[in-house]
*Asks:* 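Got a structure for you, written out below as structure tokens; questions coming shortly.
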Amino acid sequence: MAPKRVIAHLDCDAFYATVELIRRPELKGKPVIVAGSGPRSVVTTASYEARKFGVGSAMPASQARRLCPTAIVIPPDFTAYREKSREVWELVRAKLDRLQSMGLDEAYADLTGVEKPLRVLRELIDDVHKRTGIQISAGVGPNRLIAKCCSDLGKPAGFVAMGREEACIRFATAPTRRLPGIGPKTAERLAELGYSTVAQLQEADESQLAARFGDRTARYLKARATFHDDSPVETEGGPAKSVSTERTFDEDVASTEELETILRTLSKELCEGLQGKSRQGRTVAIKVRLADWTTVTRARTLPDATNDTGLVTETALELLRAYAPTQPVRLLGVRLAAFDDLEPDKPPAPAAPVGQLAFSL
DNA sequence: TCTGGGGTCCTAGGACCC
DNA sequence: TCTGGGGTCCTAGGACCC
């Protein structure tokens with residue numbers, strides 16, 4: 001029989017804000033918001049003092065300033081966050097090898113088979129806090145879903161472990177939105193069917209869910225609500241499957257000429273980044289967000305993989321000209337995908353038939 | 001003073017091939 | 001002559017996550 005899995009979700013408390021506080025200890029105890037300075041920027045992280053005012057991640061910075069006018073607003077410094085992140089996870093990885101990183105401030109660890117896993121975790125988290133100044137909250141359970149929900153439960157400096165049946169009870173009254181994988185849209189659709197809480201979704205009629213969401217999603221939603229999850233902790237990271245660069249403008253841009261200039265700049269940035277990593281892709285795509293927030297993508301797959309600035313730029317420009325937005329544009333982006341280093345060893349293209357036409361009926 | 005930027009995965013339809 | 005059944009590749013949109 002397979003041993004019972006022990007999965008932990010490790011989540012750094014208010015990570016970006018904490019990195020800033022470490023550099024500027026005089027701000028300790030004050031509400032700190034990490035957000036860009038532009039008129040359309042959003043909050044990346046708010047310190048717990050700022051959260052008391054109702055400030056939260058992904059909130060427009062303008063709204064955050066209104067809620068908490070005394071907050072110190074700091075522009076994000078991703079170089080510093082990446083450096084601190086490396087420090088933190090290096091310490092964790094030295095103790096826990098089966099680790100899957102989820103961005104700069106989170107990771108899953110598989111502690112199946114580890115002796116006294118909770119004690120190991122506690123000591124590790126203490127050690128990381130002492131050595132880096134970063135506080136990790138942990139959730140532990142038989143799968144990733146429960147681990148994730150539990151790490152949220154105790155924050156900040158949380159440490160919560162439970163089994164599946166206990167999770168079913170402890171989260172029964174929570175809104176379905178609290179379950180990772182159920183976003184605002186799905187929560188809304190579930191509420192329309194009368195399923196607002198986790199308990200209600202646990203008891204939901206699966207065929208009714210299937211009629212609304214399809215078979216697969218219905219099964220998925222039921223599994224989430226009952227905290228069944230057998231997804232593994234994926235230790236191997238692997239390179240990104242797509243890479244993109246996009247920009248939201250301070251003010252919408254209507255001029256075609258200006259849009260083309262921006263697109264050239266974005267393509268150049270994208271290609272130079274990829275050239276640095278020697279990655280080449282076959283699919284060039286653009287993304288256009290209009291003034292009314294509708295988002296359009298256009299893509300073209302080329303015969304050969306490339307990261308050539310000229311070719312990517314021309315392709316992106318052709319896609320933009322063919323689409324020809326009829327409203328002012330608030331965001332423009334370029335993306336490269338279908339990387340050749342990810343193709344599962346494609347056989348070389350067969351030589352073109354010589355001296356005959358190839359038919360097969 | 002509405003709503004960033006970087007990703008992943010899923011679905012659905014059409015082209016095309018055998 | 002009145003309509004097969006995959007399979008793959010590609011595009012577009014959408015939901016979700018950090």
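Convention: sequence-line order gives letters A, B, ...; per-chain numbering from 1.
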*Asks:* Checking all strands, does Val243(A) fall into the base, sugar-phosphate, or nothing category for heavy-atom contacts under 4.0 angstrom?
*Replies:*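 Val243(A): backbone/sugar contact only, no base atoms under 4.0 Å.
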
*Asks:* Quick one, Arg23(A) with Asp77(A), criterion salt bridge (Lys or Arg N to Asp or Glu O under 4.0 Å). Give me CA distance, side-chain angles, the key distance, then yes/no.
*Replies:* CA-CA 12 Å; Arg23(A) 298 200 281 197; Asp77(A) 173 1; 3.0 Å; yes

*Asks:* Measure from the side chain of Lys185(A), starting at C-beta and using heavy atoms only, and say which of dC16(C), dG5(B), dT11(C) lies closest.
*Replies:* dC16(C)

*Asks:* What nucleotide, of dC18(C), dG13(C), dG7(B), holds the atom closest to the side chain of Ala240(A)?
*Replies:* dG7(B)

*Asks:* According to a strict under-4.0 Å criterion, is Arg298(A) in side-chain N/O contact with OP1 or OP2 of dC10(C)?
*Replies:* no

*Asks:* Any Lys/Arg nitrogen of Glu188(A) or Arg177(A) sitting under 4.0 Å from an Asp/Glu carboxylate oxygen of the other?
*Replies:* no

*Asks:* Below the 4.0 Å mark, does dG4(B) have OP1 or OP2 next to a side-chain nitrogen or oxygen of Arg330(A)?
*Replies:*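 Yes, such a contact exists.
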
*Asks:* Can you tell me whether the base of dT1(B) sits syn or anti, using the 90° cut around 0 to define syn?
*Replies:* syn

*Asks:* What about the rings of Tyr16(A) and Phe78(A), do their centers lie closer together than 6.0 Å?
*Replies:* yes

*Asks:* Measuring from the side chain of Val42(A) (C-beta onward, heavy atoms only), which nucleotide among dT3(B), dT11(C), dC10(C) has the closest atom?
*Replies:*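 It is dT3(B).
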
*Asks:* Please report the distance separating the P of dC18(C) from the corresponding atom of dT3(B), rounded so that it comes out in whole Å.
*Replies:* 23 Å

*Asks:* Taking the minimum atom-to-atom distance to the side chain of Thr301(A), which one of dG6(B), dC10(B), dC10(C) wins?
*Replies:* dC10(C)

*Asks:* dT11(C), dG13(C), dG4(B): which one has an atom nearest the side-chain heavy atoms of Ala299(A)?
*Replies:* dT11(C)

*Asks:* Give the nucleotide from the list dT8(B), dG4(B), dG6(B) with an atom nearest to the side chain of Arg40(A).
*Replies:*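 Taking heavy atoms from C-beta onward, the closest nucleotide is dG4(B).
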
*Asks:* By the 4.0 Å heavy-atom rule, please label Gly38(A) as base, sugar-phosphate, or nothing.
*Replies:* nothing

*Asks:* Scan Ser57(A) against the nucleic acid and name what it touches under 4.0 Å (heavy atoms): base, sugar-phosphate only, or nothing.
*Replies:* nothing

*Asks:* Check this one for me: any side-chain N or O of Thr245(A) less than 4.0 Å away from OP1 or OP2 of dG5(B)?
*Replies:*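 Indeed not, no polar side-chain atom of Thr245(A) lies that close.
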
*Asks:* How would you label the contact of Thr186(A) with the nucleic acid (heavy atoms, under 4.0 Å): base, sugar-phosphate, or nothing?
*Replies:* sugar-phosphate

*Asks:* NA contact type, Arg177(A), heavy-atom cut-off 4.0 Å: base, sugar-phosphate, or nothing?
*Replies:* sugar-phosphate

*Asks:* Examine dT11(C): is either OP1 or OP2 under 4.0 Å from a nitrogen or oxygen in the side chain of Thr297(A)? Give yes or no.
*Replies:*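 Answer is no, no contact under 4.0 Å.
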
*Asks:* Students often get this wrong, so: under 4.0 angstrom with heavy atoms, is Glu106(A) touching a base, only sugar-phosphate, or nothing?
*Replies:* sugar-phosphate

*Asks:* Taking only N and O in the side chain of Ser242(A), is any of them less than 4.0 Å away from OP1 or OP2 of dT8(B)?
*Replies:* yes

*Asks:* Looking only at heavy atoms, what is the nearest atom pair of Ala17(A) and Ser47(A), with distance?
*Replies:*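 Nearest pair, atom of Ala17(A) first, then Ser47(A): CB-N, 3.9 Å.
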
*Asks:* In whole angstroms, how far is the C1' atom of dG5(B) from the CG atom of Leu332(A)?
*Replies:*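 Going from Leu332(A) (CG) to dG5(B) (C1'), I get 14 Å.
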
*Asks:* Provide, to the nearest angstrom, the distance between the CD atom belonging to Glu246(A) and the C1' atom belonging to dT8(B).
*Replies:*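 Value for this atom pair: 14 Å.
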
*Asks:* Where the side chain of Arg289(A) is concerned, which of dT8(B), dG7(B), dG4(B) is the nearest nucleotide?
*Replies:* dG4(B)

*Asks:* Has Lys287(A) got a side-chain N or O lying under 4.0 Å from the OP1 or OP2 atom of dG13(C)?
*Replies:*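 Lys287(A) to dG13(C) OP1/OP2: no side-chain N or O under 4.0 Å.
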
*Asks:* Describe the nucleic acid contact of Leu331(A) in one word from base, sugar-phosphate, nothing, applying a heavy-atom distance below 4.0 Å.
*Replies:* sugar-phosphate

